[in-house]
Amino acid sequence: MSGQSCIYWFSGTGNSLYAAKRISARLGNTPLVKITDEAPSGAVGGVGSKIGFVFPSYYWNLPRAVRAFIETLQINHGTYIFAVVTMGGVGSGTVYALESALKAKGLRLNYGRGIKMPDNYVLLYNPTDPKNSQAILDKNDKVIDKYCDEILSQAQIVRKLPKTLHTMYKNIERLDENFTVSGSCTGCGLCERICPVKNIRLEDGRPEWLHRCEHCVACISWCPLRAIEYGGKTRARRRYRNPRIKADELI
């Protein structure tokens, strides 16, 4: 894909994919590539091209899958590199972390902005209710369009805070031991198929977690029968899925 523009995305409940799709359309249907797919073997981008990253903020940091992808990805010098980070609360140092990861490769982040999305992290709190979610997304359409206008003009804007929580994201893969499955599970396999890092497999028709979890909450959020819980914390909480994204688009 040398010389071509591209947007790389990572998403669990669909918020980042929704943003990536709108950005793609506004930038002339720029190709979308899932970050958890294998990185291209050759260099991408080049003078006159744009390479974008759209992904969520995790613990004010980069999702590990995003960081691993960026460390592998080769980007030609002269590429305009942009990022839009989705978040439920404060994105804080996520853009800073991305800038640092690119700088370590001798690359410059030209544009980096965050955007507030409906809250989705059901493991810690009750996600945004559907009515408010729609209002937030309607507002975000205009924000994303503004960002796209800036990207099209190759604006040099990086909104960042030099603060990340590396310690909170340490050993997070072991936290999937707290997921449980109720008797209502039908073994449909959606959780296995939708997990972006292939952390779930079905054994005798029931999901098992393999301890490389990103905590994207795709499995618990997209389960059609609410058969997946996280300890006793999530039983009374809503599930959130971006209403403008279908499960098949994430698989």
Side-chain angles (χ1 to χ4, degrees), residues 1 3-35 44-58 60 62-63 66 70 75 78-99 102 107-121 127-161 216 240-250:
M1 296 182 67
Q4 298 182 19
S5 298
C6 182
I7 298 172
Y8 295 102
W9 63 272
F10 177 82
S11 190
T13 62
N15 280 340
S16 291
L17 179 54
Y18 142 75
K21 287 180 65 178
R22 190 167 184 90
I23 294 168
S24 169
R26 292 281 294 185
L27 299 187
N29 294 317
T30 300
L32 290 168
V33 178
K34 194 175 182 181
I35 276 178
V44 300
V47 176
S49 64
K50 299 177 177 65
I51 294 296
F53 299 96
V54 183
F55 59 89
S57 172
Y58 282 4
W60 300 355
L62 298 177
V66 173
I70 289 171
I75 303 177
T79 306
Y80 180 83
I81 303 176
F82 69 90
V84 174
V85 177
T86 62
M87 62 196 74
V90 179
S92 188
T94 306
V95 172
Y96 174 82
L98 174 61
E99 184 181 54
L102 290 170
L107 298 167
R108 178 187 176 192
L109 179 65
N110 302 100
Y111 186 94
R113 302 287 293 261
I115 185 167
K116 177 76 168 64
M117 288 284 180
D119 294 325
N120 63 2
Y121 198 53
T128 304
D129 69 77
K131 182 179 179 180
N132 288 340
S133 294
Q134 290 287 0
I136 292 171
L137 294 174
D138 287 342
K139 181 179 178 180
N140 282 351
D141 286 345
K142 298 178 181 178
V143 176
I144 293 171
D145 290 349
K146 175 180 179 293
Y147 289 0
C148 289
D149 289 341
E150 293 172 342
I151 292 167
L152 284 168
S153 68
Q154 297 198 22
Q156 305 291 318
I157 302 172
V158 179
R159 296 283 187 257
K160 61 183 180 181
L161 293 171
C216 71
Y240 172 84
R241 302 184 289 267
N242 188 291
R244 301 178 184 182
I245 294 296
K246 297 179 180 178
D248 287 346
E249 297 179 86
L250 291 163

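Treat the numbers as computed from the prediction; the structure is a model and nothing was measured.
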Item to complete: Return yes if some donor-acceptor pair links the side-chain N/O of Tyr147 with the main-chain N/O of Gly114 below 3.5 Å, else return no.
Response: yes
In the structure I gave you, are the side-chain heavy atoms of [X] and [Y] within less than 4.5 Å of one another anywhere?
{"X": "Tyr80", "Y": "Ile151", "answer": "yes"}
{"X": "Val84", "Y": "Ile144", "answer": "no"}
{"X": "Phe55", "Y": "Leu62", "answer": "yes"}

side-chain contact (heavy atoms from CB on, under 4.5 Å) with [X]: which residues, sequence neighbours excluded?
{"X": "Ile157", "answer": "Tyr111, Arg113, Glu150, Ala155, Arg159"}
{"X": "Ala135", "answer": "none"}
{"X": "Ala20", "answer": "Ile7, Trp9, Leu32, Val54"}
{"X": "Asn242", "answer": "Asn15, Tyr18, Leu137, Tyr240, Arg244, Ile245"}

With rounding to the nearest 0.5 Å, note down the distance linking [atom1] in [X] to [atom2] in [Y].
{"X": "Thr86", "Y": "Asn120", "atom1": "OG1", "atom2": "CG", "result": "8.0 Å"}
{"X": "Ile70", "Y": "Ile75", "atom1": "CD1", "atom2": "CD1", "result": "7.5 Å"}
{"X": "Tyr96", "Y": "Trp60", "atom1": "OH", "atom2": "CH2", "result": "15.0 Å"}
{"X": "Gln4", "Y": "Ile51", "atom1": "CD", "atom2": "CD1", "result": "9.0 Å"}

Looking at every non-hydrogen atom in both residues, tell me the closest pair between [X] and [Y] and how far apart they are.
{"X": "Cys148", "Y": "Leu27", "value": "O-CD2, 4.0 Å"}
{"X": "Ile81", "Y": "Leu109", "value": "O-CD1, 3.7 Å"}
{"X": "Ser133", "Y": "Pro118", "value": "OG-CB, 3.7 Å"}

Practice prompt. Please step through side-chain contact (heavy atoms from CB on, under 4.5 Å) for the pair Phe82 and Ile23, ending with a clear verdict.
Written response: CA-CA 11 Å; Phe82 69 90; Ile23 294 168; 4.1 Å; yes
Discussion item. Give me each pair satisfying salt bridge (charged side-chain N to carboxylate O under 4.0 Å, His left out) with a member in residues 5-15, each pair once, sequence neighbours excluded.
Written reply: none
Fill in: salt bridge (charged side-chain N to carboxylate O under 4.0 Å, His left out) contacts in which one or both residues fall within residues 6-25, not counting sequence neighbours
Lys21-Glu249, Arg22-Asp141, Arg22-Asp145
Worksheet item: With Asn110, which residues qualify under side-chain hydrogen bond (donor to acceptor under 3.5 Å, both in side chains), at least two apart?
Response: Gln156
Worksheet entry | By side-chain hydrogen bond (donor to acceptor under 3.5 Å, both in side chains) - contacts of Thr79 (at least two apart) | none
Worksheet item: Run the side-chain contact (heavy atoms from CB on, under 4.5 Å) check on Thr128 and Met117 step by step: do they pass?
Response: CA-CA 9 Å; Thr128 304; Met117 288 284 180; over 6 Å; no
Worksheet item: Between the side chains of Thr30 and Ser5, is a donor N or O closer than 3.5 angstrom to an acceptor N or O?
Response: no
Practice prompt. Not counting sequence neighbours, which residues clear ring-ring contact (aromatic ring centres under 6.0 Å, His included) with Phe10? List them please.
Written response: none
